[in-house]
Novice: 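Please find one structure pasted underneath; my questions will follow.
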Amino acid sequence: MANIIEINDFSHPELDVYARRNENQLRTIYEPERGIFIAESPNVIERALNAGYTPISLLLERKHIDGQAKEIVRRCDHVPVFTAEFDVLTKLTGFSLTRGVLCAMRRPQLPAVETVCANARRIAILENVMNPTNVGAIFRSAAALGIDAVLLTPGCSDPLYRRATRVSMGTVFQIPWTFVGDKDADRPGTDMQKIKELGFKTAAMALSDVAVSIDNPQLMNEEKLAIILGTEGDGLSADTIANCDYTVCIPMSHGVDSLNVAAASAVAFWQLGKK
């Protein structure tokens with residue numbers, strides 16, 4: 001039977017994770033157990049549970065206990081389920097809960113790059129993509145369009161941030177991913193040597209006079225390909241571009257020079273993720 005706890009204020013210490021901790025604090029609050037994150041909405045939480053992530057507690061509107069979160073509550077019957085009416089939760093949290101359900105979950109141990117890339121044919125590498133909305137959108141496109149794994153440099157937004165997981169529709173729990181590169185570098189970039197040692201040809205998505213089109217036959221026929229996308233605004237670092245096997249561009253029209261990184265990822269994954 002679910003452990004339902006009615007709340008009317010946020011003084012309960014177990015509610016700190018929802019009311020009094022930002023996402024950076026959540027990453028380290030339970031060290032050495034690798035911290036926690038907040039999953040939001042039934043669909044996202046369900047995908048996290050299906051992927052084996054461990055719940056700590058739930059916070060949800062009362063109507064969802066026997067509504068759209070009924071199955072989640074059943075699966076989380078061993079953890080506290082904090083609940084109240086919508087207007088109470090909105091007043092207490094200061095924001096409206098997306099679809100009325102939050103779940104605090106333990107962060108897993110991140111796998112090694114070699115493990116994430118094992119048996120992968122197409123991978124995406126994000127270099128310093130800092131907007132969690134973009135990170136989430138890229139994961140969603142990767143899951144839908146044939147990408148086998150995602151690597152992120154330490155300068156990227158965390159895929160387990162609430163907005164990233166929500167925008168991804170929970171696909172961050174379905175696509176293998178991990179961080180790659182030196183987090184202590186001045187501008188952490190991509191460890192190109194490691195990627196090439198794993199047998200991948202590398203394709204830098206960047207504007208260049210020597211770039212090949214995204215439908216280049218040789219590029220499309222590479223057995224193993226890493227598609228590398230850069231930070232909003234500045235794009236990929238010069239070192240990364242110089243060390244890639246290809247520089248690749250998406251043909252544009254109407255005088256447009258580039259796409260948002262999330263939109264560009266969808267085009268690249270559609271064209272280059274084809275089996």
Side-chain angles (χ1 to χ4, degrees), residues 17-18 22-24 26-28 30 33-56 58 69 72 75-76 97-99 101-113 115-120 122-181 183 190 226-232 260-266 268-270 273:
V17 296
Y18 301 108
N22 62 39
E23 294 194 280
N24 286 329
L26 292 178
R27 294 185 67 170
T28 58
Y30 288 132
E33 287 85 9
R34 297 184 295 277
I36 68 173
F37 67 97
I38 305 296
E40 184 173 3
S41 87
N43 183 55
V44 171
I45 295 167
E46 184 174 20
R47 286 184 170 173
L49 293 172
N50 290 343
Y53 285 71
T54 303
I56 298 172
L58 286 165
I72 291 170
R75 294 177 65 178
C76 296
L97 274 65
T98 299
R99 298 182 182 264
V101 187
L102 298 177
C103 184
M105 292 185 152
R106 295 198 181 279
R107 285 178 172 270
Q109 178 69 51
L110 287 178
V113 172
T115 301
V116 167
C117 294
N119 304 315
R122 293 289 186 266
I123 66 172
I125 301 176
L126 311 187
E127 183 178 276
N128 304 329
V129 177
M130 294 175 282
N131 187 314
T133 298
N134 284 335
V135 169
I138 291 170
F139 266 88
R140 189 174 183 181
S141 294
L145 301 173
I147 300 303
D148 301 310
V150 177
L151 303 179
L152 307 96
T153 67
C156 288
S157 179
D158 188 339
L160 294 183
Y161 279 174
R162 186 186 304 178
R163 181 178 292 275
T165 62
R166 186 174 72 238
V167 172
S168 81
M169 293 297 292
T171 55
V172 297
F173 308 119
Q174 297 176 298
I175 297 291
W177 64 271
T178 196
F179 286 97
V180 61
K183 67 179 180 179
T190 305
I227 303 164
I228 309 176
L229 299 134
T231 185
E232 302 86 351
N260 163 274
V261 64
S265 75
F269 298 163
W270 165 250

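Hydrogens, waters and symmetry mates are skipped; everything else that's a heavy atom, side chains included, is used. Please read these numbers as outputs of a predicted model, since none were measured by experiment.
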Novice: Quick one: list whatever passes side-chain contact (heavy atoms from CB on, under 4.5 Å) with Asn131, sequence neighbours left out.
Specialist: Thr133, Asn134, Glu232
Novice: About how many Å separate CZ of Arg122 and CD1 of Ile147, when rounded to the nearest 0.5 Å?
Specialist: 7.5 Å
Novice: Quick one: pull up CG in Leu102 and CZ in Arg166 and give me the separation to the nearest 0.5 Å.
Specialist: 9.5 Å
Novice: Do Arg107 and Asp158 touch side chain to side chain, with heavy atoms closer than 4.5 Å?
Specialist: yes
Novice: So does Val113 get a backbone contact from the side chain of Thr178, meaning a donor-acceptor N/O pair under 3.5 Å?
Specialist: no
Novice: If every non-hydrogen atom of Cys76 is compared with every non-hydrogen atom of Leu58, which pair is closest and at what distance?
Specialist: CB-CD1, 3.8 Å
Novice: What pairs with Ser265 under side-chain contact (heavy atoms from CB on, under 4.5 Å), at least two apart in sequence or on another chain?
Specialist: Ile138, Ser141, Leu229, Phe269
Novice: Scan for ring-ring contact (aromatic ring centres under 6.0 Å, His included) pairs involving residues 36-56, sequence neighbours excluded, and state none if there are none.
Specialist: Phe37-Tyr53, Phe37-Phe173, Tyr53-Phe173
Novice: With sequence neighbours left out, write down each residue that passes side-chain contact (heavy atoms from CB on, under 4.5 Å) with Ser157, or none if nothing qualifies.
Specialist: Pro132, Val135, Tyr161
Novice: Shortest non-hydrogen contact from Val172 to Pro159?
Specialist: CG1-O, 3.8 Å
Novice: Atom OG1 in Thr231, atom CE in Met130: separation rounded to 0.5 Å?
Specialist: 3.0 Å
Novice: Which heavy atom in Ser168 sits nearest to a heavy atom in Phe139, and how many Å separate them?
Specialist: CB-CB, 4.1 Å
Novice: Step by step, would you call Leu151 with Cys117 a side-chain contact (heavy atoms from CB on, under 4.5 Å)?
Specialist: CA-CA 9 Å; Leu151 303 179; Cys117 294; 4.0 Å; yes
Novice: Report the C-alpha separation of Ile123 and Val150 in whole Å, then their side-chain angles, then the decisive distance to 0.1 Å, and conclude whether the side-chain contact (heavy atoms from CB on, under 4.5 Å) test is met.
Specialist: CA-CA 6 Å; Ile123 66 172; Val150 177; over 6 Å; no
Novice: Provide the closest heavy-atom pair for Ile72 versus Glu46 in the form atom of the first, atom of the second, distance.
Specialist: CD1-N, 4.3 Å
Novice: Can you sort out the partners of Arg75 under side-chain hydrogen bond (donor to acceptor under 3.5 Å, both in side chains), two or more places apart, ordered by chain and number?
Specialist: Asn50
Novice: If you compare all heavy atoms of Val116 against all heavy atoms of Pro111, which two are closest, and at what distance to 0.1 Å?
Specialist: CG2-CG, 3.4 Å
Novice: What are the two closest non-hydrogen atoms of Gly170 and Val44, and how far apart are they?
Specialist: N-CG2, 3.7 Å
Novice: Side chains of Thr165 and Glu40: closer than 4.5 Å at any heavy-atom pair?
Specialist: no
Novice: Check whether Glu127 reaches the backbone of Ile228 with its side chain - one donor and one acceptor, N or O, closer than 3.5 Å.
Specialist: no
Novice: Side-chain contact, heavy-atom cut-off 4.5 Å: Leu152 with Val129?
Specialist: no
Novice: Measuring from atom CD1 of Ile56 to atom CE of Met105, what distance do you get when rounded to the nearest 0.5 angstrom?
Specialist: 9.0 Å
Novice: Nearest 0.5 Å, please: how far is CD1 in Ile175 from CZ in Arg140?
Specialist: 13.0 Å
Novice: Taking side-chain contact (heavy atoms from CB on, under 4.5 Å) as the test, write out the residues that go with Ala137, two or more places apart.
Specialist: Val167, Ala262
Novice: Which value, rounded to the nearest 0.5 Å, describes the distance between Glu23 atom CD and Ile38 atom CD1?
Specialist: 8.0 Å
